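Structure first, then comments.
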Amino acid sequence: MRLFNTLGRRCEVFRPVNGEVVNMFTCGPSVYQKAHIGNFRTFLFEDILVRYLEYAGYAVYRGMNITDVEDKAIREAEMRRVSVRKLADRNIDEFLREMRLLGMKIPDYLPRASDCVEIAVEIIRLLLGRGVAYWHKGNVYYDPLKHPGFGKLYGLDMSKWPKKRVRFHRDTYPGIQWNRGDFILWHGQREKDPNSWNTEIGWGRPAWNIQDPSMILHSFSETLSLYCGGIDNLYRHHDYTLAILESVRPYPMARYWLHCHHLYVNGRKMSKSKGTIYYTDTLLGQGYTAKEIRFSLIYGHYRSKLDYSDEVMSSAAGMLRDFRRTVSLIRERAGRRPPPEGESARQLRRIFEERMNDDLDTKGAFDGMRRYCAGLDIDALKAGEAAGISRVLEETDGVLGVLY
RNA sequence: GGCGACGUACCCAAGUGGCAAGGGAGAGGUCUGCAAAACCUUUAUUCAGCGGUUCGAAUCCGCUCGUCGCCUCCA
């Protein structure tokens with residue numbers, strides 16, 4: 001199995017860090033608002049990855065962070081006149097419901113940033129102790145120049161880093177694509193501020209970029225085999241996360257970094273202000289099934305942008321319906337005998353695995369299998385042969401999750 | 001303006017050096033026949049344009065044009 005590793009920018013054969021279990025961590029949702037189908041595209045890509053690893057015989061342990069405390073959540077909660085905790089609770093419930101609806105496995109470890117504040121504080125103390133981080137006006141900042149190799153994921157040229165101290169103190173940063181300067185780790189706050197914790201380093205809350213390290217540190221004590229997330233987080237967030245974690249642990253944070261590209265709508269990026277945000281509800285309301293929605297979001301390579309439109313959706317749904325019809329004809333033909341895998345079944349499996357092993361080409365896998373099945377003379381199939389094909393379809397659909 | 005991605009039929013899209021997958025829509029047909037569904041057939045001498053490399057290019061190189069993205073928040 002080959003995967004495109006953002007760290008190094010090339011396809012590499014996947015070899016997990018240990019032989020027992022593939023430990024992976026995926027960048028989870030910010031739960032200040034409802035997740036849209038673009039968010040779900042990324043989570044679906046990760047779901048396919050988990051399922052395919054399991055199909056290939058690996059045991060997988062997946063963690064996914066939930067960002068529940070940050071500037072945006074605080075603002076949103078104020079606007080809605082609810083507590084940040086309550087706002088997050090509601091959105092998390094809804095998020096998990098939709099994950100299940102779209103046939104996604106729920107990650108094994110689903111920490112909330114607000115539950116890992118103690119660990120964040122511990123990391124900050126370590127960083128302060130090592131001189132990588134420092135106090136400034138009640139906040140704690142991280143100095144990338146103190147960390148050799150900073151920016152290796154994105155490929156930053158650190159010789160262009162400003163010599164003069166520049167600090168970025170918001171959770172998300174204004175400016176050019178890369179903020180060249182020190183980033184915030186800890187927002188010092190007034191005593192008893194509602195979104196503040198009383199900790200060993202005083203009252204405050206952890207900044208966005210230290211949340212993932214704290215949640216990872218909580219339950220993983222070795223290099224992660226895989227780290228995944230949306231492409232947008234490659235530019236700052238993931239290099240920050242990596243630098244923090246590698247400043248406190250003597251081994252690499254993750255071996256393979258995978259980034260999923262974005263979903264567009266009608267050739268444009270989804271935009272709240274233009275009203276082009278689509279939710280699963282939007283599509284369910286148009287009469288599409290959850291399987292059809294899942295399918296339309298995985299039908300495209302994860303490293304390419306995927307364009308959504310009404311036309312694409314209806315055409316994808318039609319294609320899926322068509323294949324499902326073929327699949328049920330094959331199943332009818334099969335009867336109930338559980339046979340050994342025949343030549344045609346083996347060939348179908350080969351098509352699936354060959355495409356999936358090539359950097360998770362779900363679209364190619366689906367197309368290949370659909371074409372192969374469409375080329376079968378189903379009426380001429382022996383019951384045993386049909387049963388073998390049917391079994392492969394069921395097993396591979398344990399990964400794709402759109403047929404049954 | 002800086003950086004980046006992309007441009008394949010009416011639409012979506014695979015293909016990354018050796019005869020241009022597939023789907024949707026359209027057209028024609030079969031079966032029904034009030035319709036629908038289903039099935040079959042058909043739709044790019046050509047890959048944005050122009051040059052170059054090569055026995056051979058949609059695929060590699062250069063330029064031009066066009067679209068989109070990031071540099072605001074974002075999976």
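This is a predicted model, so every value here is computed, not measured.
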Original post:
Across the strands shown, which category fits A:Leu263 at heavy-atom distances under 4.0 angstrom: base, sugar-phosphate, nothing?
Top reply: base
**OP:** Could you check which nucleotide pairs with B:C34 in any of the strands shown, counting Watson-Crick or G-U wobble with both distances under 3.5 Å?
**Re:** none
**OP:** For nucleotides B:C40 and B:G66, find the distance between their C1' atoms and express it as a whole number of Å.
**Re:** 40 Å
Subject >> Lys NZ or Arg CZ of A:Arg303 over A:Phe4 ring: under 6.0 Å, within 45° >> reply: yes
Original post:
What is the base-pairing partner of B:U46, counting Watson-Crick and G-U wobble geometry with both distances under 3.5 Å?
Top reply: none
**OP:** Go through the side-chain N and O atoms of A:Glu353 and A:Tyr55 and say whether any donor and acceptor fall under 3.5 Å apart.
**Re:** yes
Subject >> Between B:C70 (P) and A:His237 (NE2): distance, integer Å >> reply: 18 Å
Subject >> Spacing between A:His259 atom NE2 and B:C74 atom P, to the nearest angstrom >> reply: 14 Å
**OP:** Using atom CD of A:Glu292 as one end and atom C1' of B:G23 as the other, report the distance to the nearest whole Å.
**Re:** 15 Å
**OP:** In whole angstrom, give me the gap between the P atoms of B:A75 and B:G18.
**Re:** 41 Å
**OP:** Select from A:His301 and A:Ala316 the residue whose nearest nucleotide in RNA chain B is closer to the 5' end of that strand.
**Re:** A:His301
Original post:
Is there a residue in residues 363-376 of chain A whose heavy atoms reach under 4.0 Å of RNA chain B, and which residues are they?
Top reply: A:Lys363, A:Asp367, A:Arg370, A:Arg371
Original post:
How is A:Gly318 classified with respect to the nucleic acid when contacts are heavy atoms under 4.0 Å: base, sugar-phosphate, or nothing?
Top reply: nothing
**OP:** Determine the Euclidean distance between corresponding C1' atoms of B:A57 and B:G1; express it in Å to zero decimal places.
**Re:** 35 Å
Original post:
Is the cationic atom of A:Lys269 (NZ for Lys, CZ for Arg) positioned less than 6.0 Å from the six-membered ring centroid of A:Tyr264 and within 45 degrees of its normal?
Top reply: no
**OP:** Could you verify whether a donor N or O on one side chain and an acceptor N or O on the other, from A:His36 and A:Asn39, lie under 3.5 Å apart?
**Re:** yes
Original post:
Which word best sums up how the rings of A:Tyr142 and A:Phe183 line up, parallel for under 30°, tilted for 30 to 60°, or perpendicular for over 60°?
Top reply: parallel
**OP:** Both distances under 3.5 Å, Watson-Crick or G-U wobble: report the partner of B:G7, or none.
**Re:** B:C65
Which pairs, protein N/O on one side and nucleotides 65-68 of chain B N/O on the other, fall under 3.5 Å?
unit_1: B:C68; atom_1: OP1; unit_2: A:Arg268; atom_2: NE; d: 3.4
unit_1: B:C68; atom_1: OP1; unit_2: A:Arg268; atom_2: NH2; d: 2.2

Subject >> G-U wobble or Watson-Crick pairing nucleotide for B:A21 (cut-off 3.5 Å, both distances) >> reply: none
Original post:
Does the ring of A:Tyr134 carry A:Arg165 above it, NZ/CZ under 6.0 angstrom from centre and within 45° of its axis?
Top reply: yes
**OP:** For A:His36, report the nucleic acid contact type (base, sugar-phosphate, nothing); a contact means any heavy atom under 4.0 Å.
**Re:** base
**OP:** Find the distance A:Glu70:CD to B:A75:P and express it as a whole number of Å.
**Re:** 8 Å
Original post:
Under a 3.5 Å cut-off for both distances, is B:G28 Watson-Crick or wobble paired, and to whom?
Top reply: B:C40
Subject >> Mutual orientation of the aromatic rings belonging to A:Phe150 and A:Trp161 [parallel < 30°, tilted 30-60°, perpendicular > 60°] >> reply: perpendicular
Original post:
Between B:A75, B:C12, B:C39, which nucleotide has the shortest distance from any of its atoms to the side chain of A:Asp322?
Top reply: B:C39
Original post:
Roughly how many Å is it from CZ in A:Arg180 to C1' in B:C3, rounded to a whole number?
Top reply: 11 Å
**OP:** Quick one: sort the A:Phe40 and A:Phe95 rings into parallel, tilted or perpendicular, breaks at 30° and 60°.
**Re:** parallel
**OP:** For B:C39 and B:A44, measure between their P atoms and round to the nearest Å.
**Re:** 23 Å
Original post:
Watson-Crick or G-U wobble partner for B:C74, using a 3.5 Å limit on both distances?
Top reply: none
Original post:
What distance, rounded to whole Å, do you find between the two C1' atoms, one in B:U46 and one in B:G15?
Top reply: 14 Å
Subject >> Nearest-angstrom distance, P atom, B:U64 to B:G22 >> reply: 37 Å
Original post:
Can you tell me the Watson-Crick or wobble partner of B:A14, both distances under 3.5 angstrom?
Top reply: none
Original post:
Between A:Tyr256 and A:Arg15, is there a donor-acceptor pair closer than 3.5 Å when you use the side chain of the first and the backbone of the second?
Top reply: yes
Original post:
Do A:Thr199 and A:Glu118 have side-chain atoms, one donor and one acceptor, less than 3.5 Å apart?
Top reply: no
**OP:** Among A:Thr67, A:Val69, A:Ile66, find the residue that satisfies the side chain to side chain contact (heavy atoms under 4.5 Å, CB included) test when tested with A:Ser114.
**Re:** A:Val69
Subject >> Pairwise C1' distance, B:G29 and B:A14 [rounded to whole Å] >> reply: 29 Å
**OP:** Check the side chains of A:His136 and A:Arg167 for a donor-acceptor pair under 3.5 angstrom, ignoring hydrogens and angles.
**Re:** yes
Subject >> Salt-bridge contact A:Lys152-A:Asp239 (side-chain N to carboxylate O under 4.0 Å) >> reply: no
Subject >> Base-pairing assignment for B:U53 (Watson-Crick or G-U wobble, both under 3.5 Å) >> reply: none
**OP:** Measure from CE on A:Met319 to C1' on B:G24 and round the result to the nearest Å.
**Re:** 8 Å
Original post:
Using the C1' atom in both, what is the distance from B:G24 to B:G4, to the nearest Å?
Top reply: 31 Å
Subject >> A:His237 and A:Trp208 aromatic ring geometry - parallel, tilted or perpendicular at 30°/60° bounds >> reply: parallel
Original post:
Expressed in angstrom and rounded to an integer, what is the separation of A:Tyr299 atom OH from B:G24 atom C1'?
Top reply: 11 Å
Atom pairs under 3.5 Å, N or O on each side, protein against nucleotides 6-11 of chain B: can you list them with distances?
unit_1: B:C11; atom_1: O2'; unit_2: A:Glu311; atom_2: OE1; d: 3.1

Original post:
When the distance from CG of A:Asp359 to C1' of B:U16 is rounded to whole Å, what number comes out?
Top reply: 14 Å
